[in-house]
Amino acid sequence: MVEIAQIFNNNSALVNLGDHKQAIVKGKGIAFNKSKGSNLETNKIEKIFYLNTKASRENLFFLMKDIPIDVVTTTYEIIDYAKRKFHYNVLDYVYITLSDHIYGAYQRYLAHSYEASLVPDMSNQYTTEYLIASHGLDIINANLNVNFPESEIKSIALHFINAKGEEIHQDSANQTEAININKIVKTVLTDNAIFRKEENGNYYDRFMIHLQYLTGRLDEQNDGNEEFSKKLESEMKISYPESFKIANEIYDQLQNKLAKKLSGSELLYFIIHIQRLTKEKTIK
């Protein structure tokens, strides 16, 4: 028996495991007629996703503010598969980027505006990531009752390629750097009339969290994915010229003022964040 900390719906809940540890559990009717604090029968648990870090627990509640729980648990299931099957280490930020991507694709699918991914195929170079993404696509289609094409595998793989690594704990020097990064980015955003508003608050907050993770791994940047990043960068420059311009300004200023080299994948994430904040339409 485990104690329920929060009920998401009849089939999923957050549970306390003792020693301040928590997990998400799924199972048909597992939380039906249950309430917070009551015990849950472990024999009904079909899937369990452990929240082993403080960041993963914080990310869960951040995501649940505007992303359906079925999308959130689907994201956790894919990442859990990557960790168990391939012992694949990822930054906790992938919970946010991947769930954002899945939910956006899901919304476009329901609105009949979904388009196949423009991400170039790099499966020969990133075999593990593509195997994870291939199974991830099966999980998405089954859990959300959709039928995304196989081209979606490329987009899912991108999130694992860019998030591969170990979490780095920040010291006081990192915290100072974080303040500087936020100042630089917010100055560029202000110069381009981009502010946090009610309608873009969640996207703005996600960008700030991305910058927080960037701080902890500035010294870990490498060019291992540069060929992949350059191909996608050229596509996005054409599709979102204004977002590219602003993102590139942020990218250049961070490198110049911090005297650090950023990987090409960081520019890609900046473009994605800016496009969401500005709602720039795709140029065909």
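Sequential numbering from 1 along the given sequence is applied to the chain's residues. All values below were derived from every heavy atom in this structure, side-chain atoms included, with hydrogens, water molecules and symmetry-related copies excluded.
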Evaluate salt bridge (charged side-chain N to carboxylate O under 4.0 Å, His left out) for Glu177 paired with Lys260, printing each intermediate quantity in order.
CA-CA 11 Å; Glu177 205 161 53; Lys260 302 274 182 142; 3.7 Å; yes
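- Judged by distance alone, the side chain of Asn192 and the main-chain N or O of Val188 form a donor-acceptor pair under 3.5 Å.
- Between Tyr251 and Phe270, the angle of the ring planes goes over 60°, which puts this pair in the perpendicular group of the 30/60° scheme.
- Other residues, nucleotides and ligands contribute over 12 non-hydrogen atoms within 6.0 Å of the NZ atom of Lys34.
- Checking side-chain atoms of Gln22 against main-chain N and O of Leu17 turns up no donor-acceptor pair under 3.5 Å.
- Within the model, atoms CD of Glu152 and CG of Asn141 stand 9.0 Å from one another, a figure rounded to the nearest 0.5 Å.
- Here the side chain of Asn200 pairs a donor or acceptor atom with the backbone of Phe195 at under 3.5 angstrom.
- Residues Val25 and Ser12 are not in side-chain contact: their nearest non-hydrogen atoms beyond the backbone lie 4.5 Å or more apart.
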Tyr114 and Phe148: CA distance, side-chain angles, deciding distance, ring pair (Phe, Tyr, Trp, His ring centres under 6.0 Å) verdict
CA-CA 9 Å; Tyr114 176 85; Phe148 288 133; 5.0 Å; yes
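- Side-chain contact, Tyr88 with Glu129: a donor N or O sits under 3.5 Å from an acceptor N or O.
- Between Lys36 and Gln6 the shortest side-chain heavy-atom distance does not fall below 4.5 Å.
- In this structure, Asn11 contributes its side chain and Lys26 its backbone to no donor-acceptor pair below 3.5 Å.
- Counting heavy-atom neighbours within 6.0 Å of Lys85 NZ, excluding the residue itself, gives a total of 12 or less.
- Here Lys47 pairs with Glu77 in a salt bridge; the nearest charged N to carboxylate O distance falls below 4.0 Å.
- Between Phe49 and Ile79, every side-chain heavy-atom pair lies at or beyond the 4.5 Å cut-off.
- Looking at Gln275, its side chain does come within 3.5 Å of a backbone N or O of Glu280 through a donor-acceptor pair.
- Contact check for Met236 versus Leu268: side-chain heavy atoms found under the 4.5 Å cut-off.
- To the nearest 0.5 Å, atom OH of residue Tyr240 and atom CD1 of residue Ile271 are 10.5 Å apart.
- Between atom CD1 of residue Ile153 and atom CG of residue Leu137 there is a gap of 5.0 Å, rounded to the nearest 0.5 Å.
- At least one side-chain heavy atom of Tyr109 sits under 4.5 Å from a side-chain heavy atom of Asn147.
- Taking 4.5 Å as the limit, some side-chain heavy atom of Phe207 sits within range of a side-chain heavy atom of Val185.
- Distance alone, capped at 3.5 Å, is enough to place a donor-acceptor pair between the Asn256 side chain and the Asp252 backbone.
- Here Asp70 contributes atom CG and Ile140 contributes atom CD1; the two are 13.0 Å apart, rounded to the nearest 0.5 Å.
- Although no hydrogens or angles enter the test, the distance criterion places a donor-acceptor pair under 3.5 Å between the side chain of Thr75 and the main chain of Val71.
- Gln255 places a side-chain N or O within donor-acceptor distance of the main-chain N or O of Leu262, the cut-off being under 3.5 Å.
- Considering only heavy atoms from C-beta on, Leu211 comes within 4.5 Å of Asn182 through its side chain.
- At least one side-chain heavy atom of Tyr130 sits less than 4.5 Å from a side-chain heavy atom of Lys154.
- Once rounded to the nearest 0.5 Å, the distance linking CZ of Arg108 with OH of Tyr103 reads 12.0 Å.
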Gln253 and Leu258: side-chain contact (heavy atoms from CB on, under 4.5 Å), yes or no, with the steps?
CA-CA 8 Å; Gln253 287 210 27; Leu258 298 176; over 6 Å; no
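- Phe32 CZ: 12 or fewer foreign heavy atoms inside a 6.0 Å radius.
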Step by step, would you call Leu267 with Tyr269 a side-chain contact (heavy atoms from CB on, under 4.5 Å)?
CA-CA 5 Å; Leu267 175 58; Tyr269 273 123; over 6 Å; no
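- Within 6.0 Å of CG in Asn145 there are 12 or fewer heavy atoms belonging to other residues, nucleotides or ligands.
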